[in-house]
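Naming convention: chains lettered A, B, ... in sequence-line order (proteins, then strands); numbering from 1 in each chain. When reading the values below, keep in mind they use all heavy atoms of this one structure, side chains included, and skip hydrogens, waters and symmetry mates.
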2 protein chains.
Amino acid sequence: MTGTAIKNWQSVQQEVLNRINSKLWKPGDLIPNEAQLASEFGCARATVNRALQNLADTGLLERRRKAGTRVATHPVRKATLDIPIIRKEITGKGYAYRYALVSTETVVPPRDMAARMRLKPDEKILHIVGLHMANGEPYVFENRWINSNVVPAVRDVDFSKQSPNEWLVENIPFTSGDIAFSALCAGAFEAEMLSCKTGEGLFVIDRSTWKAEGAITSVRLVFAPGYRIHTEI
Amino acid sequence: MTGTAIKNWQSVQQEVLNRINSKLWKPGDLIPNEAQLASEFGCARATVNRALQNLADTGLLERRRKAGTRVATHPVRKATLDIPIIRKEITGKGYAYRYALVSTETVVPPRDMAARMRLKPDEKILHIVGLHMANGEPYVFENRWINSNVVPAVRDVDFSKQSPNEWLVENIPFTSGDIAFSALCAGAFEAEMLSCKTGEGLFVIDRSTWKAEGAITSVRLVFAPGYRIHTEI
DNA sequence: GAGTGGTCTAGACCACTGT
DNA sequence: CAGTGGTCTAGACCACTCC
């Protein structure tokens with residue numbers, strides 16, 4: 001009755017999904033162990049492992065050694081967002097990209113930012129404000145702090161030619177970090193920068209990235225009204 | 001000089017990361033193939049494969065058969081968001097959870113919603129409006145449409161006792177869908193529902209889920225001011 | 001202690017794709 | 001066509017954790 005043979009990890013995954021959807025395996029149920037499923041499906045245990053691990057990654061199964069594999073009772077769905085560099089995002093939509101540097105200075109940041117980046121007292125770092133534009137319209141406003149003591153090379157960069165977003169991505173390869181998404185209501189400042197009305201709802205991304213030596217950069221991106229970030233699950 | 005032995009896929013991944021960070025392998029570079037790395041590291045090719053595949057999943061490497069593996073020039077960073085059910089999110093923060101049903105009715109939805117859910121003309125579906133509260137304060141406002149023709153069981157549920165969010169998660173197990181994040185400025189309606197001022201920036205999640213037979217549900221969640229969604233990368 | 005998932009190995013074949 | 005990643009296999013050992 002199964003119709004298609006079960007030979008690869010994708011079909012194992014599909015069969016497991018079917019059993020969950022048909023409520024043969026209900027939320028909270030313990031499912032057979034890998035060895036049993038492997039012999040049932042006629043494949044190697046590693047193949048079953050690959051499939052179940054993938055489902056556990058998406059939050060649909062919960063696995064623990066010795067305890068076995070259960071169907072998640074309250075699935076925490078995991079959505080994966082793509083965060084491209086801004087120029088790519090804009091040109092990818094078919095718009096002309098332009099970056100406008102608003103200001104750049106080396107100063108002592110506000111106390112909350114200094115704390116978040118764990119700076120020494122009165123430590124001066126680079127502050128860069130700029131605007132990314134799509135077809136000449138403001139697209140996102142970038143307010144960035146870069147720890148020029150951790151990344152000295154940044155002092156020699158001409159940010160009127162290349163956005164800090166892009167320079168960092170290309171020159172400070174891999175870093176851990178965190179991202180937060182939130183919303184903001186346009187005040188006079190945001191309205192002027194983004195050429196919109198005050199009182200518009202604006203989408204905001206705050207991001208910080210880190211190296212062993214300390215915080216590299218912390219940035220707030222404020223998007224023009226109507227911006228959406230979208231993904232499939 | 002490597003200090004630690006390279007025996008498992010995590011250490012292979014770490015070594016690859018080190019080589020990228022130290023610019024031994026620069027963005028755009030072709031790196032040695034799996035067989036070469038395996039013999040260099042003294043492990044099996046499958047182990048190298050696991051490590052490189054993981055890095056490709058996070059967007060740091062680009063892999064193509066025959067073409068080989070390259071360090072991504074413009075890494076599209078992938079952030080994974082956890083989307084818990086709302087009750088869990090609230091109780092997980094240590095707040096008391098309460099759900100208040102505002103209204104429920106079976107009606108013909110507005111045209112844009114009917115189109116998004118691909119309904120037949122004049123098809124009536126279930127519309128449920130409710131409010132999730134944390135410690136008695138409005139937390140998120142839920143405006144949901146459920147295709148009661150695809151999910152007939154929903155007609156017998158008492159949504160004053162259980163939120164549709166939770167009922168769907170537990171009873172309509174796995175579905176594909178899409179999710180979008182955006183921002184909204186509180187108007188009079190949102191301000192009243194969420195007990196906030198008009199003109200506050202509100203975080204919005206729109207989600208639709210699908211089954212083979214058609215759209216199951218489409219929901220807009222409007223969060224109280226100050227809501228952030230956070231993840232590490 | 002024992003059962004389960006997590007991982008490694010060595011070898012094999014397949015699928016895709018650049019040349 | 002040939003080189004590369006993608007995957008499967010059978011077997012093995014290990015790590016964790018429930019009882």
Side-chain angles (χ1 to χ4, degrees), chain A residues 2 4-17 19-20 25-73 75-76 78 80, chain B residues 2 4-17 19-20 25-73 75-76 78 80:
Chain A
T2 43
T4 49
I6 296 182
K7 283 265 92 188
N8 51 23
W9 71 265
Q10 290 94 336
S11 56
V12 171
Q13 171 168 333
Q14 192 53 57
E15 177 59 23
V16 172
L17 283 176
R19 293 186 184 188
I20 293 174
W25 294 340
K26 295 187 262 309
D29 281 2
L30 195 62
I31 75 173
N33 69 32
E34 294 187 348
Q36 288 164 352
L37 289 175
S39 86
E40 183 190 344
F41 294 149
C43 66
R45 183 167 80 91
T47 306
V48 174
N49 179 278
R50 173 79 192 259
L52 297 187
Q53 217 161 49
N54 202 46
L55 290 172
D57 281 345
T58 70
L60 210 69
L61 294 178
E62 289 170 356
R63 321 191 74 199
R64 278 205 317 274
R65 285 162 152 128
K66 164 78 180 175
T69 300
R70 289 177 183 279
V71 180
T73 45
V76 174
K78 317 256 196 224
T80 303
Chain B
T2 44
T4 48
I6 296 181
K7 282 265 94 190
N8 50 22
W9 70 266
Q10 290 94 337
S11 56
V12 171
Q13 171 168 335
Q14 192 53 57
E15 176 58 23
V16 171
L17 282 176
R19 293 186 184 188
I20 293 174
W25 294 339
K26 295 186 265 308
D29 280 2
L30 195 62
I31 76 173
N33 69 33
E34 294 187 349
Q36 289 164 353
L37 289 175
S39 86
E40 183 192 343
F41 294 150
C43 66
R45 183 166 81 92
T47 306
V48 174
N49 180 279
R50 173 80 192 259
L52 297 187
Q53 215 160 48
N54 201 46
L55 290 172
D57 282 345
T58 70
L60 210 69
L61 294 178
E62 289 170 356
R63 322 191 72 199
R64 279 207 317 275
R65 286 161 149 127
K66 162 78 179 177
T69 300
R70 290 178 181 278
V71 181
T73 44
V76 174
K78 314 250 197 232
T80 302

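- Evaluation of the side chain to side chain donor-acceptor pair (under 3.5 Å) rule for B/T69 yields B/R63 as partners, not counting sequence neighbours.
- In terms of phosphate contacts, A/T69 brings a side-chain nitrogen or oxygen within less than 4.0 Å of OP1 or OP2 of C/dG5.
- The CZ-C1' distance, from A/R50 to D/dG5, rounds to 12 Å in whole Å.
- Taking only side-chain nitrogens and oxygens, A/Q53 comes nearer than 4.0 Å to OP1 or OP2 of C/dT7.
- Closest to the side chain of A/W9, from the set D/dT7, C/dT7, D/dT4, is D/dT7.
- Here A/Q36 lies out of heavy-atom contact (under 4.0 Å) with every strand.
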Any chance you could list the contact pattern along nucleotides 10-19 of chain D? Use B for base contacts, S for sugar-phosphate-only contacts and - for none, protein heavy atoms under 4.0 Å, 5' to 3'. --B--BBBB-
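- Not one side-chain nitrogen or oxygen of A/T47 sits closer than 4.0 Å to the OP1 or OP2 atom of D/dT7.
- Looking at residues two or more places apart in sequence or on another chain, you find a side-chain contact (heavy atoms from CB on, under 4.5 Å) between A/Q36 and A/P32, A/N33.
- Residue B/N8 places no side-chain N or O under 4.0 Å from the OP1 or OP2 atom of C/dT7.
- The side chain to side chain donor-acceptor pair (under 3.5 Å) search around A/Q14 returns A/N18, not counting sequence neighbours.
- In this view, A/R70 satisfies the side chain to side chain donor-acceptor pair (under 3.5 Å) rule with no residue, not counting sequence neighbours.
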Residues 48-60 of chain A, side-chain donor-acceptor partners within the protein, below 3.5 Å, at least two apart:
residue	atom	partner	partner atom	Å
A/N49	ND2	A/E34	OE2	2.8
A/N54	ND2	A/Q13	OE1	2.9
A/T58	OG1	A/L55	O	2.9

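- An OP1 or OP2 oxygen of C/dG5 is reached within less than 4.0 angstrom by no side-chain nitrogen or oxygen of A/N49.
- As a whole-Å value, the separation of B/N54 CG from D/dG5 C1' is 16 Å.
- Taking atom CG on B/D57 and atom C1' on D/dG6, their separation rounds to 13 Å, with Å as the unit.
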